[in-house]
Protein chains: 2
Amino acid sequence: MKVNTRKEEIVKTAANLFKDKGFSAVTMRDLATAMGIKAASLYNHINSKQEILKIIIISLAENFTEGMQHILKSDNTSIEKLEQVVKLHVDITSKNTFEMASLNNDWMHLEEKLEYYLTLRSGYENDFRSIILEGVQRGEIRDVNVDVVLFSMLSTLRSLYLWIPKKEDLNPHELSDNLSNVLIHGINK
Amino acid sequence: MKVNTRKEEIVKTAANLFKDKGFSAVTMRDLATAMGIKAASLYNHINSKQEILKIIIISLAENFTEGMQHILKSDNTSIEKLEQVVKLHVDITSKNTFEMASLNNDWMHLEEKLEYYLTLRSGYENDFRSIILEGVQRGEIRDVNVDVVLFSMLSTLRSLYLWIPKKEDLNPHELSDNLSNVLIHGINK
DNA sequence: GTCTATAAGCGGATAGAC
DNA sequence: GTCTATCCGCTTATAGAC
């Protein structure tokens with residue numbers, strides 16, 4: 001997210017705090033202190049703490065959904081599509097490490113938009129699964145348990161936000177290649 | 001964890017609630033209601049909310065450390081050791097799905113025992129890393145980026161708590177085999 | 001082992017001045 | 001856009017009766 005307006009600055013600062021302690025453990029006073037203002041002043045820019053969470057999570061989730069639709073449209077091989085999915089996660093996560101923590105850990109605290117989020121999420125998982133399944137059916141992917149593959153890849157990709165900040169020397173392109181390599185080709189000689 | 005005493009019953013119930021909403025969002029009133037008693041009555045069995053978190057996380061973390069020490073002692077191949085690590089995670093997670101959520105998501109809310117936990121955690125990661133490194137040096141494992149392999153395996157294994165409850169048909173032994181297969185041999189034909 | 005009553009402080013949020 | 005002052009419900013935890 002670009003930080004142009006004061007509101008965006010507040011959301012970005014909040015995401016940074018949420019990443020360390022989680023949504024529930026961060027108070028509006030914590031956020032205000034981090035911004036260098038008083039808690040009451042925050043409400044000149046945002047309506048509620050809940051609104052901040054909504055902005056962080058929903059825009060990111062829609063980002064992933066759009067990216068997936070684009071990948072599904074192509075007529076690449078299944079392996080190539082999986083490589084594109086890895087790239088999608090690396091790209092979005094590199095640009096939104098703070099926000100990814102909330103997407104992963106605080107989505108259950110969404111109120112108004114929870115159902116919408118869950119729809120996007122399960123749609124994304126189904127699309128991911130269909131790529132793997134297609135790969136097995138076409139004979140591009142070994143006949144392994146599809147759910148295990150989906151779970152393993154998704155777990156790794158969803159944890160990227162924890163790892164990318166610690167490996168700033170690795171650029172997104174390199175990281176994406178390394179990850180695809182390990183996730184798709186395995187480690188065994 | 002076996003639930004024999006009233007205290008253990010409270011800790012187990014708390015872990016179940018923490019799994020869904022996180023430590024910070026669960027109140028002592030929530031916990032009391034789930035136990036069918038009043039909040040004040042909880043304090044006849046436990047000293048504080050913090051103590052509950054400490055019990056859940058520290059015993060589990062020590063469990064993992066012990067298991068890892070046992071694996072390191074053997075003179076198996078590196079691939080076999082990695083298979084044992086997968087089995088360790090599947091076994092502990094199968095028996096402690098609620099508690100694993102807190103271990104993964106709420107360790108930062110530990111107070112007194114935070115430093116101790118972090119020592120166990122980084123020790124475990126170092127041991128895990130050394131197995132992979134040894135495998136590469138012995139020529140048992142492809143010459144891939146060691147950190148990427150560690151990250152990928154750990155991310156998957158640490159997310160098991162989210163997945164095992166949804167796949168009750170899969171027994172731990174089968175799951176462990178499937179996971180080792182995918183993580184070590186990859187998916188590419 | 002559980003209850004009622006209550007302390008003491010923190011939580012999100014609003015009103016209205018500057 | 002930020003402030004001070006304030007509301008008031010909820011938080012963890014304790015005291016003491018049953």
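Naming convention: chains lettered A, B, ... in sequence-line order (proteins, then strands); numbering from 1 in each chain. Just so it is clear, the structure is predicted and the values come from calculations on it, not from any experiment. Computed from heavy atoms alone, side chains included, the values below leave out hydrogens, waters and symmetry copies.
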Nearest-angstrom distance from the residue atom [atom1] of [X] to [atom2] of [N]:
X: A/Lys38; N: D/dT2; atom1: NZ; atom2: P; answer: 13 Å
X: B/Lys21; N: D/dC10; atom1: NZ; atom2: C1'; answer: 13 Å
X: B/Leu31; N: C/dT2; atom1: CG; atom2: P; answer: 12 Å
X: A/Met35; N: D/dC3; atom1: CE; atom2: P; answer: 11 Å
X: A/His45; N: D/dG1; atom1: NE2; atom2: C1'; answer: 5 Å
X: B/His109; N: D/dT12; atom1: NE2; atom2: P; answer: 13 Å
X: B/Glu9; N: C/dG1; atom1: CD; atom2: P; answer: 10 Å
X: B/Ile10; N: C/dG1; atom1: CD1; atom2: C1'; answer: 10 Å

* Once the angle between the rings of B/Phe18 and B/Phe23 is folded into 0 to 90°, is it parallel (under 30°), tilted (30 to 60°) or perpendicular (over 60°)? -> perpendicular

Exercise for the section: On the 0 to 90° scale, with breaks at 30° and 60°, tag the B/His89-B/Phe64 ring pair as parallel, tilted or perpendicular. Expected result: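 Correct class here is tilted.
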
Sequence neighbours excluded, the answer for salt bridge (charged side-chain N to carboxylate O under 4.0 Å, His left out) partners of B/Glu66 is none

query: For B/Ser41 and C/dG1, is the shortest distance between a side-chain N/O and OP1 or OP2 below 4.0 Å?
result: no

| field | Pairing of B/Arg138 and B/Glu80 as salt bridge, 4.0 angstrom limit | value | no

query: Do other residues, nucleotides or ligands put more than 12 heavy atoms under 6.0 Å from the CG atom of B/Asp75?
result: no

Cut-off 3.5 Å, side chains only: do B/Arg6 and B/Asn44 have a donor facing an acceptor?
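No, because no side-chain N or O of B/Arg6 sits under 3.5 Å from a partner of the opposite role on B/Asn44.
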
Subject >> Nucleotide nearest B/Asn44 when distance is taken to its side chain, options D/dT2, C/dT2, D/dT11 >> reply: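 Minimum distance to the B/Asn44 side chain belongs to C/dT2.
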
For nucleotides 13-18 of chain C, 5' to 3', base contacts (B), sugar-phosphate-only contacts (S) and non-contacts (-) with protein non-hydrogen atoms under 4.0 Å give BBB---

